[in-house]
Protein chains: 2
Amino acid sequence: MNFMTENQPKKPSKSDRTRAQILEAARLLFAEHGYDGASIRDVAAHASIDPAMVIRYFRSKDELFARAAVVDLQLPALRAIDRNTIGETLIRRFLEIWEGPASGPGMAILLRSATSNEFAAEKLRDVFGHQVRPVVAAVADPADAGRRAGLVSSQLLGLAMCRYLLRLPPVVALSHDEIIQNVGPILQRYAVGENVS
Amino acid sequence: MNFMTENQPKKPSKSDRTRAQILEAARLLFAEHGYDGASIRDVAAHASIDPAMVIRYFRSKDELFARAAVVDLQLPALRAIDRNTIGETLIRRFLEIWEGPASGPGMAILLRSATSNEFAAEKLRDVFGHQVRPVVAAVADPADAGRRAGLVSSQLLGLAMCRYLLRLPPVVALSHDEIIQNVGPILQRYAVGENVS
DNA sequence: TCCATTTGTCAACAGCCGTTGACTTTCTAA
DNA sequence: TTAGAAAGTCAACGGCTGTTGACAAATGGA
(Lines give C-alpha, C1' and ligand atoms only; values in the text may rest on other atoms or scores of the structure.)
Protein backbone atom coordinates (compact mmCIF):
# COMPACT_ATOMS: atom_id res chain seq x y z
CA MET A 1 0.00 0.00 0.00
CA ASN A 2 1.50 3.30 -1.06
CA PHE A 3 0.27 5.61 1.63
CA MET A 4 1.79 8.66 0.02
CA THR A 5 -0.63 8.70 -2.90
CA GLU A 6 -3.50 8.05 -0.56
CA ASN A 7 -4.60 11.66 -0.43
CA GLN A 8 -3.25 12.75 -3.78
CA PRO A 9 -5.95 12.60 -6.47
CA LYS A 10 -3.30 12.83 -9.16
CA LYS A 11 -3.07 9.19 -10.05
CA PRO A 12 -5.83 7.86 -12.32
CA SER A 13 -4.09 4.52 -12.32
CA LYS A 14 -5.51 1.60 -14.20
CA SER A 15 -6.95 0.18 -11.02
CA ASP A 16 -8.93 3.34 -10.35
CA ARG A 17 -10.74 3.00 -13.65
CA THR A 18 -11.56 -0.63 -12.98
CA ARG A 19 -12.71 0.26 -9.51
CA ALA A 20 -15.00 2.92 -10.93
CA GLN A 21 -16.38 0.54 -13.55
CA ILE A 22 -17.23 -2.04 -10.93
CA LEU A 23 -18.91 0.56 -8.75
CA GLU A 24 -20.94 1.89 -11.66
CA ALA A 25 -22.09 -1.58 -12.65
CA ALA A 26 -22.94 -2.35 -9.04
CA ARG A 27 -24.99 0.81 -8.64
CA LEU A 28 -26.90 0.02 -11.82
CA LEU A 29 -27.67 -3.58 -10.89
CA PHE A 30 -28.40 -2.92 -7.22
CA ALA A 31 -30.81 -0.18 -8.27
CA GLU A 32 -32.54 -2.45 -10.74
CA HIS A 33 -32.64 -5.80 -8.97
CA GLY A 34 -31.92 -5.10 -5.31
CA TYR A 35 -29.25 -6.51 -3.02
CA ASP A 36 -30.27 -10.16 -3.32
CA GLY A 37 -31.16 -9.99 -6.99
CA ALA A 38 -27.80 -8.63 -8.10
CA SER A 39 -25.03 -11.20 -7.71
CA ILE A 40 -21.34 -10.45 -7.71
CA ARG A 41 -21.05 -12.50 -10.87
CA ASP A 42 -23.67 -10.28 -12.51
CA VAL A 43 -21.81 -7.15 -11.50
CA ALA A 44 -18.53 -8.58 -12.77
CA ALA A 45 -20.05 -9.57 -16.11
CA HIS A 46 -21.57 -6.12 -16.49
CA ALA A 47 -18.18 -4.55 -15.87
CA SER A 48 -16.45 -7.04 -18.20
CA ILE A 49 -14.26 -8.24 -15.39
CA ASP A 50 -13.60 -11.36 -13.38
CA PRO A 51 -15.79 -11.93 -10.32
CA ALA A 52 -12.68 -12.31 -8.18
CA MET A 53 -11.71 -8.74 -9.01
CA VAL A 54 -14.89 -7.43 -7.44
CA ILE A 55 -13.86 -9.01 -4.16
CA ARG A 56 -10.30 -7.81 -4.57
CA TYR A 57 -11.32 -4.16 -4.98
CA PHE A 58 -14.17 -4.20 -2.48
CA ARG A 59 -13.65 -6.70 0.27
CA SER A 60 -17.10 -8.26 0.23
CA LYS A 61 -20.54 -7.89 -1.28
CA ASP A 62 -21.70 -6.06 1.81
CA GLU A 63 -18.90 -3.54 1.49
CA LEU A 64 -19.58 -3.12 -2.22
CA PHE A 65 -23.21 -2.40 -1.45
CA ALA A 66 -22.22 0.06 1.25
CA ARG A 67 -20.02 1.91 -1.25
CA ALA A 68 -22.74 1.84 -3.88
CA ALA A 69 -25.51 3.01 -1.57
CA VAL A 70 -24.12 6.44 -0.83
CA VAL A 71 -26.80 9.11 -1.13
CA ASP A 72 -26.51 12.87 -1.04
CA LEU A 73 -29.86 14.50 -1.69
CA GLN A 74 -28.22 17.94 -2.03
CA LEU A 75 -31.20 19.64 -0.50
CA PRO A 76 -31.11 23.44 -0.35
CA ALA A 77 -28.98 25.03 2.33
CA LEU A 78 -30.98 25.61 5.46
CA ARG A 79 -30.53 29.39 5.38
CA ALA A 80 -31.76 29.63 1.80
CA ILE A 81 -35.12 28.01 2.42
CA ASP A 82 -38.31 29.98 1.99
CA ARG A 83 -40.96 28.52 4.26
CA ASN A 84 -43.71 29.73 1.96
CA THR A 85 -42.49 27.60 -0.94
CA ILE A 86 -40.92 24.68 0.92
CA GLY A 87 -43.47 22.24 -0.52
CA GLU A 88 -42.77 23.16 -4.11
CA THR A 89 -39.04 23.27 -3.43
CA LEU A 90 -39.08 19.74 -2.06
CA ILE A 91 -41.13 18.19 -4.85
CA ARG A 92 -39.01 19.87 -7.53
CA ARG A 93 -35.84 18.58 -5.93
CA PHE A 94 -37.47 15.16 -5.68
CA LEU A 95 -38.02 15.05 -9.43
CA GLU A 96 -34.44 16.13 -10.09
CA ILE A 97 -33.11 13.44 -7.78
CA TRP A 98 -35.11 10.68 -9.45
CA GLU A 99 -35.15 11.86 -13.06
CA GLY A 100 -32.50 14.55 -13.41
CA PRO A 101 -29.62 13.74 -15.78
CA ALA A 102 -26.92 14.42 -13.21
CA SER A 103 -28.42 12.26 -10.49
CA GLY A 104 -27.32 8.72 -9.94
CA PRO A 105 -29.52 5.82 -8.86
CA GLY A 106 -28.62 6.27 -5.21
CA MET A 107 -32.13 6.47 -3.84
CA ALA A 108 -33.32 3.60 -6.03
CA ILE A 109 -30.53 1.45 -4.62
CA LEU A 110 -31.63 2.11 -1.06
CA LEU A 111 -35.36 1.96 -1.63
CA ARG A 112 -35.19 -1.22 -3.72
CA SER A 113 -33.42 -3.15 -0.96
CA ALA A 114 -34.73 -1.44 2.16
CA THR A 115 -37.69 -3.81 2.49
CA SER A 116 -35.55 -6.94 2.78
CA ASN A 117 -32.10 -5.72 3.81
CA GLU A 118 -31.60 -4.23 7.23
CA PHE A 119 -28.47 -2.33 6.27
CA ALA A 120 -30.30 -0.58 3.44
CA ALA A 121 -33.21 0.17 5.76
CA GLU A 122 -30.90 1.69 8.35
CA LYS A 123 -29.16 3.75 5.67
CA LEU A 124 -32.51 5.04 4.48
CA ARG A 125 -33.52 6.00 8.01
CA ASP A 126 -30.19 7.77 8.17
CA VAL A 127 -30.94 9.79 5.06
CA PHE A 128 -34.21 10.79 6.67
CA GLY A 129 -32.62 11.79 9.95
CA HIS A 130 -29.62 13.65 8.58
CA GLN A 131 -30.87 15.11 5.33
CA VAL A 132 -34.66 15.44 5.27
CA ARG A 133 -35.39 16.16 8.92
CA PRO A 134 -33.04 19.16 9.22
CA VAL A 135 -34.65 20.85 6.25
CA VAL A 136 -38.11 20.53 7.78
CA ALA A 137 -36.75 21.56 11.15
CA ALA A 138 -35.51 24.77 9.59
CA VAL A 139 -39.01 25.88 8.66
CA ALA A 140 -41.14 24.36 11.40
CA ASP A 141 -41.33 24.22 15.17
CA PRO A 142 -38.43 21.93 16.11
CA ALA A 143 -40.70 20.06 18.48
CA ASP A 144 -42.84 19.00 15.51
CA ALA A 145 -40.02 18.57 13.02
CA GLY A 146 -39.76 14.81 13.38
CA ARG A 147 -43.44 14.17 12.85
CA ARG A 148 -43.66 16.66 10.01
CA ALA A 149 -40.57 15.28 8.29
CA GLY A 150 -41.99 11.79 8.70
CA LEU A 151 -45.21 12.75 6.95
CA VAL A 152 -43.25 14.46 4.18
CA SER A 153 -41.13 11.36 3.75
CA SER A 154 -44.13 9.06 3.68
CA GLN A 155 -45.54 10.98 0.72
CA LEU A 156 -42.25 11.22 -1.13
CA LEU A 157 -41.23 7.60 -0.58
CA GLY A 158 -44.71 6.49 -1.58
CA LEU A 159 -44.56 8.51 -4.76
CA ALA A 160 -41.13 7.06 -5.55
CA MET A 161 -42.38 3.54 -4.89
CA CYS A 162 -45.40 3.92 -7.15
CA ARG A 163 -43.67 5.80 -9.96
CA TYR A 164 -40.18 4.32 -10.15
CA LEU A 165 -40.18 0.89 -8.52
CA LEU A 166 -43.74 -0.43 -8.73
CA ARG A 167 -44.38 1.52 -11.92
CA LEU A 168 -48.09 1.98 -11.29
CA PRO A 169 -49.32 3.13 -14.72
CA PRO A 170 -51.39 6.18 -13.67
CA VAL A 171 -48.54 7.42 -11.48
CA VAL A 172 -45.97 6.87 -14.20
CA ALA A 173 -48.19 8.84 -16.56
CA LEU A 174 -48.20 11.94 -14.37
CA SER A 175 -46.32 14.87 -15.87
CA HIS A 176 -43.84 16.86 -13.82
CA ASP A 177 -46.28 19.76 -13.64
CA GLU A 178 -49.07 17.52 -12.44
CA ILE A 179 -46.86 16.12 -9.73
CA ILE A 180 -45.69 19.55 -8.64
CA GLN A 181 -49.19 21.00 -8.54
CA ASN A 182 -50.78 18.02 -6.80
CA VAL A 183 -48.10 16.93 -4.35
CA GLY A 184 -46.44 20.30 -3.70
CA PRO A 185 -49.31 21.68 -1.60
CA ILE A 186 -49.45 18.44 0.39
CA LEU A 187 -45.80 18.71 1.32
CA GLN A 188 -46.32 22.37 2.15
CA ARG A 189 -49.10 21.43 4.54
CA TYR A 190 -47.13 18.59 6.13
CA ALA A 191 -44.06 20.79 6.59
CA VAL A 192 -45.51 24.05 7.88
CA GLY A 193 -49.30 23.87 7.77
CA GLU A 194 -51.77 23.32 10.54
CA ASN A 195 -51.24 20.20 12.57
CA VAL A 196 -52.89 18.25 15.28
CA SER A 197 -52.39 16.97 18.83
CA MET B 1 -57.33 -37.18 -5.05
CA ASN B 2 -60.85 -37.51 -3.76
CA PHE B 3 -62.75 -35.18 -6.01
CA MET B 4 -66.04 -35.68 -4.20
CA THR B 5 -64.93 -33.85 -1.09
CA GLU B 6 -63.43 -31.11 -3.17
CA ASN B 7 -66.35 -28.74 -2.66
CA GLN B 8 -67.55 -30.07 0.65
CA PRO B 9 -66.10 -28.13 3.56
CA LYS B 10 -67.01 -30.94 5.89
CA LYS B 11 -63.68 -32.69 6.04
CA PRO B 12 -60.99 -31.09 8.19
CA SER B 13 -58.71 -33.96 7.31
CA LYS B 14 -55.24 -34.13 8.74
CA SER B 15 -53.79 -32.86 5.50
CA ASP B 16 -55.94 -29.75 5.62
CA ARG B 17 -54.53 -28.79 8.98
CA THR B 18 -50.97 -29.30 7.80
CA ARG B 19 -51.72 -27.34 4.68
CA ALA B 20 -53.08 -24.49 6.77
CA GLN B 21 -50.07 -24.56 9.10
CA ILE B 22 -47.66 -24.33 6.19
CA LEU B 23 -49.61 -21.45 4.67
CA GLU B 24 -49.70 -19.58 7.96
CA ALA B 25 -45.97 -20.00 8.48
CA ALA B 26 -45.33 -18.93 4.92
CA ARG B 27 -47.46 -15.80 5.29
CA LEU B 28 -45.62 -14.87 8.46
CA LEU B 29 -42.15 -15.36 7.05
CA PHE B 30 -42.86 -13.86 3.64
CA ALA B 31 -44.30 -10.80 5.39
CA GLU B 32 -41.27 -10.48 7.63
CA HIS B 33 -38.37 -11.35 5.34
CA GLY B 34 -39.69 -11.14 1.80
CA TYR B 35 -39.71 -13.72 -0.97
CA ASP B 36 -35.96 -14.21 -1.19
CA GLY B 37 -35.36 -13.95 2.53
CA ALA B 38 -37.81 -16.68 3.48
CA SER B 39 -36.61 -20.10 2.37
CA ILE B 40 -38.75 -23.19 2.09
CA ARG B 41 -36.63 -24.74 4.80
CA ASP B 42 -37.44 -21.81 7.08
CA VAL B 43 -41.15 -22.17 6.40
CA ALA B 44 -40.98 -25.90 7.04
CA ALA B 45 -39.11 -25.46 10.30
CA HIS B 46 -41.61 -22.84 11.43
CA ALA B 47 -44.46 -25.23 10.70
CA SER B 48 -42.61 -28.13 12.37
CA ILE B 49 -42.70 -30.11 9.18
CA ASP B 50 -40.33 -31.54 6.61
CA PRO B 51 -39.29 -29.24 3.75
CA ALA B 52 -40.41 -31.85 1.25
CA MET B 53 -43.96 -31.55 2.56
CA VAL B 54 -44.06 -27.89 1.61
CA ILE B 55 -43.38 -28.89 -1.98
CA ARG B 56 -45.87 -31.74 -1.78
CA TYR B 57 -48.72 -29.51 -0.65
CA PHE B 58 -47.83 -26.51 -2.78
CA ARG B 59 -46.07 -27.47 -5.95
CA SER B 60 -43.28 -24.92 -5.79
CA LYS B 61 -42.10 -21.89 -3.86
CA ASP B 62 -43.66 -19.63 -6.47
CA GLU B 63 -47.02 -21.29 -6.03
CA LEU B 64 -46.73 -21.14 -2.25
CA PHE B 65 -46.03 -17.44 -2.50
CA ALA B 66 -48.97 -16.97 -4.84
CA ARG B 67 -51.25 -18.69 -2.33
CA ALA B 68 -49.81 -16.67 0.54
CA ALA B 69 -50.04 -13.33 -1.23
CA VAL B 70 -53.80 -13.18 -1.55
CA VAL B 71 -55.14 -9.80 -0.51
CA ASP B 72 -58.70 -8.64 0.01
CA LEU B 73 -58.78 -5.08 1.30
CA GLN B 74 -62.52 -5.35 1.99
CA LEU B 75 -63.07 -1.74 1.11
CA PRO B 76 -66.60 -0.40 1.59
CA ALA B 77 -69.18 -1.29 -1.00
CA LEU B 78 -69.27 1.26 -3.76
CA ARG B 79 -72.89 2.25 -3.10
CA ALA B 80 -72.21 2.86 0.57
CA ILE B 81 -69.47 5.43 0.06
CA ASP B 82 -69.98 9.01 1.17
CA ARG B 83 -67.85 11.26 -0.99
CA ASN B 84 -67.63 13.83 1.77
CA THR B 85 -65.85 11.46 4.11
CA ILE B 86 -64.01 9.23 1.65
CA GLY B 87 -60.63 10.42 2.93
CA GLU B 88 -61.34 9.51 6.53
CA THR B 89 -62.98 6.27 5.47
CA LEU B 90 -59.90 5.23 3.54
CA ILE B 91 -57.36 6.04 6.23
CA ARG B 92 -59.44 4.31 8.90
CA ARG B 93 -59.68 1.20 6.78
CA PHE B 94 -55.95 1.44 6.14
CA LEU B 95 -55.23 1.28 9.86
CA GLU B 96 -57.54 -1.70 10.28
CA ILE B 97 -55.86 -3.53 7.43
CA TRP B 98 -52.39 -3.02 8.83
CA GLU B 99 -53.05 -3.15 12.56
CA GLY B 100 -56.49 -4.60 13.09
CA PRO B 101 -56.64 -7.94 14.95
CA ALA B 102 -58.59 -9.70 12.23
CA SER B 103 -56.34 -8.70 9.38
CA GLY B 104 -53.60 -10.92 8.13
CA PRO B 105 -50.22 -9.82 6.83
CA GLY B 106 -51.39 -9.86 3.22
CA MET B 107 -50.34 -6.36 2.30
CA ALA B 108 -47.01 -6.71 4.09
CA ILE B 109 -46.30 -9.82 2.06
CA LEU B 110 -46.86 -7.98 -1.20
CA LEU B 111 -45.17 -4.73 -0.26
CA ARG B 112 -42.14 -6.44 1.24
CA SER B 113 -41.38 -8.31 -1.96
CA ALA B 114 -42.75 -5.95 -4.61
CA THR B 115 -39.47 -4.10 -5.01
CA SER B 116 -37.49 -7.16 -6.06
CA ASN B 117 -40.07 -9.68 -7.22
CA GLU B 118 -42.00 -9.02 -10.39
CA PHE B 119 -44.88 -11.32 -9.46
CA ALA B 120 -45.43 -9.45 -6.21
CA ALA B 121 -45.22 -6.15 -8.04
CA GLU B 122 -47.81 -7.25 -10.57
CA LYS B 123 -50.07 -8.52 -7.80
CA LEU B 124 -49.80 -5.17 -6.05
CA ARG B 125 -50.67 -3.31 -9.24
CA ASP B 126 -53.61 -5.66 -9.47
CA VAL B 127 -54.82 -4.74 -5.99
CA PHE B 128 -54.61 -1.11 -7.04
CA GLY B 129 -56.51 -1.65 -10.27
CA HIS B 130 -59.24 -3.92 -8.95
CA GLN B 131 -59.73 -2.77 -5.37
CA VAL B 132 -58.52 0.82 -4.84
CA ARG B 133 -59.30 2.34 -8.21
CA PRO B 134 -62.98 1.35 -8.28
CA VAL B 135 -63.57 2.99 -4.91
CA VAL B 136 -62.08 6.26 -6.07
CA ALA B 137 -63.92 5.96 -9.37
CA ALA B 138 -67.17 5.76 -7.42
CA VAL B 139 -66.71 9.22 -5.95
CA ALA B 140 -64.78 11.06 -8.66
CA ASP B 141 -64.99 11.82 -12.35
CA PRO B 142 -64.15 8.47 -13.97
CA ALA B 143 -61.80 10.24 -16.36
CA ASP B 144 -59.69 11.29 -13.38
CA ALA B 145 -60.12 8.14 -11.33
CA GLY B 146 -56.83 6.56 -12.34
CA ARG B 147 -54.73 9.61 -11.52
CA ARG B 148 -56.61 10.26 -8.30
CA ALA B 149 -56.37 6.63 -7.17
CA GLY B 150 -52.69 6.70 -8.01
CA LEU B 151 -52.11 9.70 -5.77
CA VAL B 152 -54.13 8.10 -2.99
CA SER B 153 -52.09 4.92 -3.31
CA SER B 154 -48.80 6.80 -3.30
CA GLN B 155 -49.68 8.32 0.06
CA LEU B 156 -50.98 5.09 1.56
CA LEU B 157 -48.14 2.90 0.31
CA GLY B 158 -45.64 5.51 1.48
CA LEU B 159 -47.20 5.58 4.92
CA ALA B 160 -47.14 1.78 5.07
CA MET B 161 -43.51 1.72 3.98
CA CYS B 162 -42.42 4.24 6.60
CA ARG B 163 -44.50 2.90 9.47
CA TYR B 164 -44.50 -0.88 9.03
CA LEU B 165 -41.55 -1.87 6.85
CA LEU B 166 -38.93 0.84 7.23
CA ARG B 167 -40.10 1.63 10.74
CA LEU B 168 -39.15 5.28 10.63
CA PRO B 169 -39.32 6.27 14.31
CA PRO B 170 -41.41 9.47 14.03
CA VAL B 171 -43.90 7.70 11.77
CA VAL B 172 -44.10 4.68 14.06
CA ALA B 173 -44.78 7.05 16.95
CA LEU B 174 -47.83 8.59 15.32
CA SER B 175 -51.08 7.72 17.07
CA HIS B 176 -54.10 6.53 15.11
CA ASP B 177 -55.79 9.87 15.69
CA GLU B 178 -52.79 11.80 14.46
CA ILE B 179 -52.69 9.70 11.32
CA ILE B 180 -56.40 10.09 10.70
CA GLN B 181 -56.36 13.83 11.23
CA ASN B 182 -53.20 14.47 9.20
CA VAL B 183 -53.53 12.03 6.32
CA GLY B 184 -57.33 11.88 6.04
CA PRO B 185 -57.70 15.36 4.55
CA ILE B 186 -54.89 14.61 2.08
CA LEU B 187 -56.67 11.52 0.80
CA GLN B 188 -59.90 13.50 0.66
CA ARG B 189 -58.21 16.08 -1.55
CA TYR B 190 -56.59 13.50 -3.77
CA ALA B 191 -59.85 11.60 -4.21
CA VAL B 192 -62.39 14.35 -4.78
CA GLY B 193 -60.71 17.73 -4.28
CA GLU B 194 -59.56 20.27 -6.82
CA ASN B 195 -57.14 18.95 -9.39
CA VAL B 196 -55.02 20.22 -12.21
CA SER B 197 -54.44 19.90 -15.96
C1' DT C 1 17.03 -4.56 -19.35
C1' DC C 2 15.53 -6.36 -15.11
C1' DC C 3 12.90 -6.95 -11.20
C1' DA C 4 9.13 -5.99 -8.09
C1' DT C 5 4.63 -4.50 -7.74
C1' DT C 6 0.30 -4.28 -9.66
C1' DT C 7 -3.45 -6.18 -12.28
C1' DG C 8 -5.95 -9.92 -14.08
C1' DT C 9 -7.30 -15.17 -14.83
C1' DC C 10 -8.78 -19.58 -13.46
C1' DA C 11 -10.53 -23.29 -10.87
C1' DA C 12 -12.25 -24.62 -6.83
C1' DC C 13 -14.17 -24.46 -1.94
C1' DA C 14 -18.13 -24.72 1.20
C1' DG C 15 -22.79 -23.41 1.96
C1' DC C 16 -27.51 -22.64 0.96
C1' DC C 17 -31.16 -23.06 -2.23
C1' DG C 18 -35.49 -25.40 -4.54
C1' DT C 19 -36.73 -29.74 -5.73
C1' DT C 20 -36.99 -34.88 -6.27
C1' DG C 21 -37.64 -39.82 -5.46
C1' DA C 22 -37.39 -43.77 -2.66
C1' DC C 23 -38.71 -45.19 1.56
C1' DT C 24 -41.51 -45.90 6.12
C1' DT C 25 -45.30 -44.88 9.05
C1' DT C 26 -50.06 -43.84 9.89
C1' DC C 27 -54.69 -43.80 8.91
C1' DT C 28 -59.07 -45.52 6.82
C1' DA C 29 -62.44 -48.17 4.47
C1' DA C 30 -64.07 -52.74 3.29
C1' DT D 1 -58.12 -57.98 9.94
C1' DT D 2 -56.24 -56.51 5.93
C1' DA D 3 -55.25 -54.08 1.67
C1' DG D 4 -54.50 -49.62 -0.07
C1' DA D 5 -54.21 -44.87 0.17
C1' DA D 6 -52.58 -40.93 2.62
C1' DA D 7 -49.12 -38.56 5.30
C1' DG D 8 -44.56 -37.98 6.71
C1' DT D 9 -39.23 -38.93 6.66
C1' DC D 10 -34.75 -38.97 4.76
C1' DA D 11 -30.91 -38.33 1.83
C1' DA D 12 -29.47 -36.63 -2.17
C1' DC D 13 -29.36 -34.04 -6.82
C1' DG D 14 -27.82 -30.01 -9.50
C1' DG D 15 -27.38 -25.16 -9.46
C1' DC D 16 -26.20 -20.77 -7.79
C1' DT D 17 -23.93 -18.03 -4.25
C1' DG D 18 -19.89 -15.37 -1.94
C1' DT D 19 -15.27 -16.06 -1.36
C1' DT D 20 -10.44 -17.81 -1.69
C1' DG D 21 -5.76 -18.96 -3.24
C1' DA D 22 -2.61 -20.31 -6.67
C1' DC D 23 -0.95 -18.82 -10.83
C1' DA D 24 -0.04 -15.75 -15.22
C1' DA D 25 0.36 -11.34 -17.51
C1' DA D 26 1.22 -6.54 -17.55
C1' DT D 27 3.20 -2.52 -15.86
C1' DG D 28 6.57 0.84 -14.38
C1' DG D 29 10.68 2.56 -12.00
C1' DA D 30 15.89 1.48 -11.43
Under 4.0 Å between a side-chain N or O of Ser15(B) and OP1 or OP2 of dA6(D)? no

Do Val172(B) and Leu157(A) belong to the same hydrophobic cluster, where Ile, Leu, Val, Met, Phe, Trp and Tyr are linked whenever their side-chain heavy atoms lie under 4.5 Å apart, directly or via other members? no

Does this structure show an ion pair linking Arg92(B) with Glu88(B), if we count only N-O contacts that are shorter than 4.0 Å? yes

To the nearest 0.5 Å, what is the distance between CG (Leu75(B)) and CD1 (Ile81(B))? 7.5 Å

Between residues 25-45 of chain A and DNA chain D, which residues have a heavy-atom gap below 4.0 Å? Ser39(A), Ile40(A), Arg41(A)

Sorted by chain and residue number, the salt bridge (Lys or Arg N to Asp or Glu O under 4.0 Å) partners of Glu24(A) (sequence neighbours excluded) come out as none

Hey, what do you get for CZ (Arg189(A)) to CD (Gln155(A)), rounding to the nearest 0.5 Å? 12.5 Å

From CZ of Arg17(B) over to P of dT26(C), roughly how many Å is that when rounded to an integer? 16 Å

Over how many whole Å does the gap from Asp50(A) atom CG to dC10(C) atom C1' extend? 7 Å

Using distance alone, with no hydrogens and no angle criterion, decide if Glu96(B) and Ser103(B) have a side-chain donor and acceptor under 3.5 Å apart. no

Once you round to the nearest 0.5 Å, how far does CG of Asp126(A) lie from CD of Gln131(A)? 8.5 Å

Listed nucleotide nearest any side-chain atom of Lys61(B), set dG18(C), dT9(C), dT9(D): dG18(C)

Hydrophobic side-chain clustering at under 4.5 Å (ILVMFWY, transitive links): who's grouped with Phe65(A)? Put none if nobody. Ile22(A), Leu23(A), Leu29(A), Phe30(A), Tyr35(A), Ile40(A), Val43(A), Ile49(A), Met53(A), Val54(A), Ile55(A), Tyr57(A), Phe58(A), Leu64(A), Ile109(A), Phe119(A)

Rounded distance (Å) that lies between atom C1' of dT17(D) and atom CG of Leu64(A): 15 Å

CG-CG distance between Asn117(B) and Leu110(B), expressed to the nearest 0.5 angstrom: 9.5 Å

Short of 4.0 Å, heavy atom to strand atom, which residues of residues 51-60 of chain B count as contacting DNA chain D? Ala52(B), Met53(B), Arg56(B), Tyr57(B)

So CG of Leu151(A) and CG of Asn182(B): to nearest 0.5 Å the spacing works out to 5.0 Å

So if I apply the side chain to side chain contact (heavy atoms under 4.5 Å, CB included) rule between Ile91(A) and each of Val152(A), Ile180(A), Ile186(A), which one comes out positive? Ile180(A)

Inspect the contact between Glu118(B) and Lys123(B) and indicate whether a charged nitrogen and a carboxylate oxygen are less than 4.0 angstrom apart. no

Rounded to whole angstrom units, what separation is found between the CG atom of Asp16(B) and the C1' atom of dG8(D)? 16 Å

Protein and nucleotides 28-30 of chain C: nitrogen or oxygen contacts under 3.5 angstrom:
none

Calculate the interatomic distance between Ile49(A) atom CD1 and dT6(C) atom C1'; express it in whole Å. 14 Å

Separation of Ile22(A) atom CD1 from dT7(C) atom C1', in whole Å? 11 Å

Answer yes or no: does atom CZ of Arg67(A) have more than 12 heavy-atom neighbours from other residues, nucleotides or ligands under 6.0 Å? no

Anything under 3.5 Å between a protein N or O and an N or O of nucleotides 24-28 of chain D, put it in a table, one pair a line.
none

